Amino acid sequence: GGHKVEVCPRSTITTFGASICVKEDDGCWTNIPVGIQLMTGYERSSDGRAAYFTAPHGGLDIDIRGPLIGKNSRCSMQFYVAIDGLCAFHSNHDADAPWLEKMPLSEVYTSEQAVRAIRMAGLVGVVFNSIGTDMDLPFGGYGVLGVCNDSAALIDFALRGETNAYPLVSTGRYLGHIVHSMVNLKKKLQDNPHVEEHLVKDLECLIGAASNIDSDIHSSPIAVSSAARRYLATYPKAVFRLSGESRDILKEMAAIHEEHAEYQMW
């Protein structure tokens, strides 16, 4: 029989493999949600209340089922740049906590999109790993080139023209290096007679994505609408009370900006 491949960008709260639970008087266990709260850079105008986000882990989920995939006929991988600097296909595993839930950041890709996404992942891996090596970056470029979310968001943006991932933290300087490296790679592929045209086209889409993708490094009024939209998609459920308050703050500030952005500047 054939194989089924499912590809979708997803995000969850990162616990770095740790979980906490307490034993109740009746002998049962209660799980305690844990997470790292970081400031978004946005705050409510009326009272100065800051909006926070819980550090996420995101990647491009790839689930393969079929007779050639081991004993249980299933292989689960995730593409992202890891904290050790390797941008590649990793084992897709998370801490086993009942309150943790993976949130899809788009519809499951069509078959055509899935093939293109995996092809793009290979290209992104080549570019990120080459820059990290050539520039001798700390942690292989993890952080300055982006974190796990960014490597998958770049592919999603190239495929769909938008991404729902939050936060996006690739730094401007190194996004420039990503674009430059992709342009150079495109020239090499075009000079190779054995490279098929669709691979060059996918790389062009990635160049466009890297040139236009949003950034949450610098919080500003013009960026709050995009940040709010992506925040709500990445955190649709408020595991922490602070997350629920932050959702409300971002929605309020986005509405204020959208109202004022209509004013003429000349």
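Quantities reported herein were computed from a predicted structural model and do not represent experimental measurements.
The aromatic ring centroids of His90 and Phe79 lie 6.0 Å or more from each other. Aromatic ring centroids of Tyr231 and Phe53 lie 6.0 Å or more apart.
Between Asp61 and Ser76 there is no side-chain heavy-atom pair separated by less than 4.5 Å. With contacts defined as side-chain heavy-atom distances shorter than 4.5 Å, the pair Tyr166/Asp216 qualifies. A heavy-atom distance below 4.5 Å is found between the side chains of Cys205 and Met120. Inter-residue side-chain proximity for Ser215 and Leu168 is flagged as unmet; no heavy-atom pair is nearer than 4.5 Å. For the pair Leu242 and Gln37, the minimum side-chain heavy-atom distance is below 4.5 Å. With contacts defined as side-chain heavy-atom distances shorter than 4.5 Å, the pair Leu137/Leu145 qualifies. Within the 4.5 Å cutoff, the side chain of Ser11 has heavy atoms near those of the Asn149 side chain. By the 4.5 Å heavy-atom criterion applied to side chains, Asn192 and Leu189 are not counted as neighbours.
How far NE2 of His177 is from CG of Asp134: 11.0 Å, rounded to the nearest 0.5 Å. Note: Arg119 CZ to Leu203 CG = 11.5 Å, rounded to the nearest 0.5 Å. Going from atom CG of Asn184 over to atom OG of Ser130 covers 10.5 Å, rounded to the nearest 0.5 Å. Going from atom SG of Cys148 over to atom NE2 of His57 covers 5.0 Å, rounded to the nearest 0.5 Å. Considering CG of Asp214 and OG of Ser170, their distance stands at 11.5 Å, rounded to 0.5 Å. A distance of 8.5 Å separates CD in Glu204 from CD in Glu197, rounded to the nearest 0.5 Å.
Taking both residues in full, the closest heavy atoms of Ser219 and Gly41 are given as OG-CA, 3.4 Å, listed atom of the first, atom of the second, then distance. Considering every non-hydrogen atom in both Ala228 and Ala254, the closest pair reads CB-CB, 3.8 Å. Of all heavy-atom pairs spanning Ala210 and Leu175, the tightest one is O-CD2, 3.9 Å. Heavy atoms only, all atoms of each residue included: Leu154 and Val124 are closest at CD2-CG2, 4.4 Å. Contact record, Trp99 with Val34: CH2-O, 3.2 Å, taken as the closest heavy-atom pair. Of all heavy-atom pairs between Cys87 and Phe128, the closest is CB-CB, 3.8 Å.
By the criterion of side-chain heavy atoms lying less than 4.5 angstrom apart, applied directly or through intervening Ile, Leu, Val, Met, Phe, Trp or Tyr residues, Val239 is grouped together with Val22 in one hydrophobic cluster. No continuous path of ILVMFWY side-chain contacts below 4.5 Å connects Leu250 to Val169, so the two sit in separate hydrophobic clusters. Connection of Ile217 to Ile178 is established within a shared hydrophobic cluster, with ILVMFWY side chains joined at heavy-atom distances below 4.5 Å, either directly or through further cluster members. Grouping the Ile, Leu, Val, Met, Phe, Trp and Tyr side chains by contacts below 4.5 angstrom, directly or via other members, places Leu60 with Leu159. Under a hydrophobic-cluster definition in which Ile, Leu, Val, Met, Phe, Trp and Tyr are linked whenever side-chain heavy atoms come within less than 4.5 Å, directly or via other members, Leu123 and Val115 are assigned to different clusters.
Within a 6.0 Å radius of CD in Glu196, other residues, nucleotides and ligands contribute 12 heavy atoms or fewer. Remark: Glu112 CD is loosely packed, at most 12 non-hydrogen atoms of other residues, nucleotides or ligands lying under 6.0 Å away. Annotation for Asp25: atom CG does not count as buried by contact number, only 12 or fewer foreign heavy atoms lying within 6.0 Å. Counting non-hydrogen atoms of neighbouring residues, nucleotides and ligands closer than 6.0 angstrom, the NE2 atom of His218 reaches no more than 12 such neighbours.
In summary, the side chains of Lys102 and Asn92 do present a donor paired with an acceptor at a separation below 3.5 Å, with no hydrogens or angles considered. Side-chain N/O atoms of Tyr109 and Asp156 include a donor and acceptor closer than 3.5 Å. Judged by distance alone, the side chains of His198 and Asp202 never bring a donor and an acceptor atom under 3.5 Å apart. For Ser91 and His93, the side-chain atoms include at least one donor-acceptor pair closer than 3.5 Å. No donor-acceptor contact under 3.5 angstrom links the side chains of Ser225 and Arg229, judged on distance only.
Put simply, the side chain of Ser246 gets close to the backbone of Tyr52: a donor and an acceptor are under 3.5 Å apart. Side chain of Thr163 to backbone of Phe157: no donor-acceptor contact under 3.5 angstrom is found. Distance alone, capped at 3.5 Å, is enough to place a donor-acceptor pair between the His3 side chain and the Leu68 backbone. Looking at Thr234, its side chain does come within 3.5 Å of a backbone N or O of Arg230 through a donor-acceptor pair. No donor-acceptor pair under 3.5 Å is formed between the side chain of Thr14 and the backbone N or O of Pro56. Here the side chain of Thr171 pairs a donor or acceptor atom with the backbone of Val144 at under 3.5 angstrom. Side-chain N or O atoms of Asp150 include one that pairs as donor or acceptor with a backbone N or O of Val147 at under 3.5 Å.
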Please report the C-alpha distance between Leu232 and Arg247 in whole Å, then the side-chain angles of each, then the deciding distance to 0.1 Å, and finally whether the side chain to side chain contact (heavy atoms under 4.5 Å, CB included) criterion is met. CA-CA 7 Å; Leu232 295 176; Arg247 283 167 52 89; 3.4 Å; yes
Mind running side chain to side chain contact (heavy atoms under 4.5 Å, CB included) on Arg74 and Ile64 for me, showing each step along the way? CA-CA 6 Å; Arg74 180 179 180 183; Ile64 307 173; over 6 Å; no
Trace of the side chain to side chain contact (heavy atoms under 4.5 Å, CB included) decision for Leu105 with Arg10: CA-CA 5 Å; Leu105 300 179; Arg10 295 191 177 96; 5.7 Å; no
Could you walk me through whether Glu252 and His257 satisfy the side chain to side chain donor-acceptor pair (under 3.5 Å) test, starting with their C-alpha distance in whole Å, then the side-chain angles of each, then the deciding distance to 0.1 Å, before giving a yes or no? CA-CA 9 Å; Glu252 180 180 332; His257 166 72; over 6 Å; no
Please assess Arg44 against Asp248 for the test salt bridge (Lys or Arg N to Asp or Glu O under 4.0 Å), listing each intermediate value before the final yes or no. CA-CA 9 Å; Arg44 189 160 47 207; Asp248 292 340; over 6 Å; no
Any chance you could lay out the salt bridge (Lys or Arg N to Asp or Glu O under 4.0 Å) test for Arg49 and Glu43, step after step, and finish with the verdict? CA-CA 5 Å; Arg49 178 72 171 168; Glu43 55 188 38; over 6 Å; no
Side chain to side chain contact (heavy atoms under 4.5 Å, CB included) between Asp84 and Phe139, intermediate numbers included: CA-CA 5 Å; Asp84 61 5; Phe139 304 104; over 6 Å; no
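A salt bridge is absent between Asp63 and Lys4: the closest approach of a Lys/Arg side-chain nitrogen to an acidic carboxylate oxygen does not fall below 4.0 angstrom.
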